Amino acid sequence: MNVLFDGLLKNKELDAKFAEIPSAGSSRIFTYQDLIDATGRFANALIDTGVQPGDRVAVQVEKSIEAIILYLAAVRIGAIFLPLNTAYTVSEIEYFLENASAKLFVCAPERKDEYNSLCKRLGIKLTTLGVRENSNTDAGELFASAQHADKEFDTVSRSEEDLAAILYTSGTTGRSKGAMLSHGNLLSNALVLKDYWHFSSSDILLHALPIFHTHGLFVATNTTLVAGSSLLFLPGFDADSIIEHLPSVSSMMGVPTFYTRLLDDPRLNQDLVKNVRLFVSGSAPLLAETHVEFEKRTGHRILERYGMTETNMNTSNPYDGERKAGTVGLPLPGVEMRVADAENGSLLTDGEVGVVEVRGPNVFSGYWKMPEKTKEEFREDGFFITGDLGNVDEDGYLKIVGRAKDLIISGGYNIYPKEVELLLDEQEGVLESAVIGVPHPDFGEGVVGILVAKPDYSLDENKILSNIRDKIARFKQPKRLIVIEQLPRNTMGKVQKNVLRDQYRNLLTN
């Protein structure tokens with residue numbers, strides 16, 4: 001038995017629709033039987049390239065249903081799937097290929113010339129996979145091979161402990177680390193989410209997320225597969241396209257940016273989303289203001305949850321029950337969570353801020369080729385130290401206040417950026433903020449607030465500083481406020497505070 005592949009596709013109605021891919025004037029439809037046949041063809045095509053069970057298949061391709069089929073085919077042959085951000089450069093890709101000792105690299109057809117010499121030097125087989133928009137589109141060499149391959153394939157047996165994927169962390173400090181995710185990690189999380197979020201074969205999920213990340217690839221796709229649901233599969237977020245298709249779906253998963261952009265569109269109203277039962281947000285914090293405004297406009301309370309590359313999903317606001325704005329909910333069934341002192345691991349009481357630690361079948365086994373780093377990140381009792389700072393309220397709901405590495409220590413005092421950000425976000429004309437610590441000649445670090453103004457507003461640094469002066473302790477108050485057009489974010493919408501720290505590191509020392 002192949003734990004993940006068999007688990008994802010168990011007991012499905014084979015003629016049921018798996019995915020619909022809208023295109024100009026028409027749509028492509030894939031049934032579950034189409035999916036099984038296509039994964040068989042792709043599996044045989046992968047075997048023909050020389051890939052064997054346990055080999056790493058690295059993939060940097062544009063979003064397409066064929067890319068999902070490639071992921072499932074890699075799992076089916078017992079290989080280890082390695083999805084890579086489409087924005088990565090050749091030099092960045094070199095690190096991942098070399099570090100993972102990849103056997104095969106699949107890139108977009110238009111980028112093959114960029115990677116030829118690199119793959120030859122590393123001794124890695126190179127092939128291509130494109131987006132098949134029509135019969136004249138170059139869908140790549142792997143697609144062409146799969147078209148001529150047999151659809152029958154004897155799925156390779158894999159256990160719960162066998163690796164299914166390696167996902168590299170974003171690498172905001174030092175080199176990216178490869179999180180090793182097993183068949184059991186991925187399947188257990190998908191099954192829990194299916195039940196917790198009430199997914200069934202009648203659901204249609206609007207999928208506009210990238211698929212090189214755990215959110216779009218594992219949370220959205222795997223949950224759809226185990227439930228026998230359908231995907232409305234869009235190439236990415238486009239407000240017009242989302243609004244066009246919202247009336248025909250039952251659920252949507254997105255990042256906070258999706259929801260803020262929809263709120264900017266006057267077409268978003270209750271009638272538009274009358275058929276939707278669930279909106280989920282994750283991958284970055286959702287402002288409480290966005291949560292409240294979305295409910296006013298649509299009647300829906302967004303369900304916010306919390307996960308990581310290393311763990312998939314850990315907590316979620318309940319499907320049935322109170323969804324608290326500003327929190328990421330309760331531990332999922334089977335997941336243990338606690339908040340501890342970052343230094344000595346001692347458990348903290350409700351309300352105290354500490355590092356969030358989790359343990360469960362969803363938690364990865366460690367970092368690829370980094371045994372010492374793996375040892376550092378786990379407590380002796382098996383709890384994984386997430387590096388996220390949070391606290392638990394009286395009802396058991398978790399609130400994330402920042403990353404441990406984002407903690408500001410000024411004059412010996414700990415400052416949690418989220419506390420200051422919430423205050424800045426309340427100020428008139430402020431759309432959003434990011435608070436960072438930068439070198440300070442007297443205090444070690446000084447607090448700096450980076451602000452984005454709402455349209456047609458001009459922000460006054462001194463006025464805002466005056467407004468917040470009596471609301472937080474003096475040591476927490478920003479030494480400076482900087483107004484910029486937009487905050488730097490990664491592809492999943494997370495603010496890249498490391499970029500801001502680098503940009504403004506000399507602000508208080510000059």
Side-chain angles (χ1 to χ4, degrees), residues 17-30 62-65 67-68 86-87 131 133 193 197 199 202-224 227 229-287 289-305 317 323 431-432 455 486-487 489-494:
K17 183 170 69 174
F18 163 64
E20 179 178 351
I21 304 96
S23 58
S26 63
S27 293
R28 283 201 293 152
I29 304 292
F30 275 77
E62 296 300 324
K63 183 179 180 181
S64 71
I65 198 65
I68 294 290
T86 52
V131 178
E133 296 177 351
L193 294 176
W197 292 343
F199 271 86
S202 61
D203 271 296
I204 301 173
L205 172 67
L206 196 158
H207 193 307
L209 295 159
I211 56 173
F212 50 73
H213 186 272
T214 188
H215 193 170
L217 184 61
F218 297 145
V219 179
T221 305
N222 285 355
T223 303
T224 296
S229 307
S230 300
L231 294 175
L232 187 64
F233 204 68
L234 302 181
F237 182 88
D238 174 79
D240 290 336
S241 183
I242 296 292
I243 286 172
E244 175 189 351
H245 293 294
L246 272 174
S248 60
V249 302
S250 64
S251 54
M252 182 178 111
M253 296 183 191
V255 298
T257 307
F258 286 15
Y259 296 107
T260 56
R261 290 180 182 175
L262 286 173
L263 284 169
D264 287 338
D265 197 304
R267 293 173 292 178
L268 180 70
N269 55 40
Q270 292 195 20
D271 187 61
L272 183 76
V273 299
K274 64 183 179 182
N275 296 322
V276 180
R277 66 171 185 86
L278 179 64
F279 288 98
V280 178
S281 181
S283 296
L286 183 75
L287 291 177
E289 177 186 334
T290 304
H291 193 285
V292 171
E293 181 61 26
F294 196 84
E295 184 178 12
K296 285 181 182 177
R297 288 274 292 278
T298 67
H300 281 275
R301 289 183 69 80
I302 297 170
L303 187 152
E304 192 171 8
R305 84 306 180 274
N317 273 272
R323 301 177 190 173
L431 177 65
E432 59 180 348
Q486 61 181 17
L487 298 176
R489 298 180 186 272
N490 65 16
T491 53
M492 297 309 297
K494 291 183 180 179

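Predicted model only: the values in this text are computed from it and were never measured.
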K.L.:
Can you check whether Ile302's main-chain N or O pairs, donor with acceptor, with His291's side chain at less than 3.5 Å?
P.N.:
yes
K.L.:
Taking the side chain as everything from C-beta on, heavy atoms only, tell me whether Met252 gets closer than 4.5 Å to Ile242.
P.N.:
yes
K.L.:
Let me see the working for Ser229 and Thr224 under side chain to side chain contact (heavy atoms under 4.5 Å, CB included), right down to the final yes or no.
P.N.:
CA-CA 5 Å; Ser229 307; Thr224 296; 3.9 Å; yes
K.L.:
At what distance, to the nearest 0.5 angstrom, does OG1 of Thr223 lie from CE of Met253?
P.N.:
5.0 Å
K.L.:
Let's go through Phe18 and Ile65 carefully: what are the C-alpha distance in whole Å and the side-chain angles of both, what is the deciding distance for side chain to side chain contact (heavy atoms under 4.5 Å, CB included) to 0.1 Å, and is it a yes or a no?
P.N.:
CA-CA 10 Å; Phe18 163 64; Ile65 198 65; 3.7 Å; yes
K.L.:
Would you say the ring centers of Phe237 and Phe258 fall short of 6.0 Å from each other?
P.N.:
yes
K.L.:
Which residues pass the side chain to side chain contact (heavy atoms under 4.5 Å, CB included) test with Ser248, not counting sequence neighbours?
P.N.:
Leu232, His245
K.L.:
Determine yes or no for a side-chain-to-main-chain donor-acceptor pair under 3.5 angstrom, with Arg323 supplying the side chain and Arg301 the backbone.
P.N.:
yes
K.L.:
Might you point out which heavy atoms bring Ser283 and His213 nearest each other, and give the distance in Å?
P.N.:
OG-CE1, 3.7 Å
K.L.:
Atom CG in Leu234, atom OG in Ser23: separation rounded to 0.5 Å?
P.N.:
11.5 Å
K.L.:
Say whether, by atom type as modelled, one donor and one acceptor occur between the side chain of His207 and the main chain of Ala19 under 3.5 angstrom.
P.N.:
no
K.L.:
Is there a side-chain contact between Leu217 and Phe212, using heavy atoms and a 4.5 Å cut-off?
P.N.:
no
K.L.:
Minimum heavy-atom separation for Ser64 to Val131, with atom names?
P.N.:
CB-CG2, 4.2 Å
K.L.:
With side chains defined as the heavy atoms from C-beta onward, is the minimum distance between Val273 and His300 less than 4.5 Å?
P.N.:
yes
K.L.:
Looking only at heavy atoms, which two atoms of Pro256 and Gly282 are closest? And how far apart?
P.N.:
CD-O, 3.5 Å
K.L.:
Any side-chain heavy-atom pair from Ile243 and Leu262 closer than 4.5 angstrom?
P.N.:
yes
K.L.:
Answer yes or no: is there a donor N or O on one side and an acceptor on the other, between the side chain of Glu20 and the main chain of Arg28, under 3.5 Å?
P.N.:
no
K.L.:
Which value, rounded to the nearest 0.5 Å, describes the distance between Glu293 atom CD and Leu263 atom CG?
P.N.:
5.5 Å
K.L.:
Does Thr260 reach the main-chain N or O of Thr290 with its side chain, forming a donor-acceptor pair under 3.5 Å?
P.N.:
no
K.L.:
Applying side chain to side chain contact (heavy atoms under 4.5 Å, CB included), name anything that partners Glu244, two or more places apart in sequence or on another chain.
P.N.:
none
K.L.:
Which is it for Ile68 and Phe233 under the side chain to side chain contact (heavy atoms under 4.5 Å, CB included) test, yes or no, and what are the steps along the way?
P.N.:
CA-CA 11 Å; Ile68 294 290; Phe233 204 68; 3.7 Å; yes
K.L.:
Set out, in order, the CA-CA distance, both residues' side-chain angles and the distance that settles side chain to side chain contact (heavy atoms under 4.5 Å, CB included) for Leu193 and Val219, then state yes or no.
P.N.:
CA-CA 8 Å; Leu193 294 176; Val219 179; 3.9 Å; yes
K.L.:
I'd like to know if the side chain of Ser250 reaches the main chain of Ile204, judged simply by a donor and an acceptor atom lying under 3.5 Å from each other, with no hydrogens or angles considered.
P.N.:
yes
K.L.:
Can Glu289 and Lys296 be counted as an ion pair, charged N to O under 4.0 angstrom?
P.N.:
no
K.L.:
Return the CG to CZ distance between Leu231 and Phe30, rounded to the nearest 0.5 Å.
P.N.:
12.0 Å
K.L.:
Would you say Tyr259's side chain and Phe279's backbone share a donor-acceptor pair under 3.5 angstrom?
P.N.:
no
K.L.:
Can you name the nearest heavy-atom pair linking Pro235 to Lys63, along with the distance?
P.N.:
O-CD, 3.5 Å
K.L.:
Under the side chain to side chain donor-acceptor pair (under 3.5 Å) definition, can you give me all pairs with a residue in residues 266-281, not counting sequence neighbours?
P.N.:
Asp203-Arg277, Asp240-Arg267, Asp265-Arg267, Arg277-Tyr319
K.L.:
Between Leu272 and Leu268, is any pair of side-chain heavy atoms under 4.5 Å apart?
P.N.:
yes
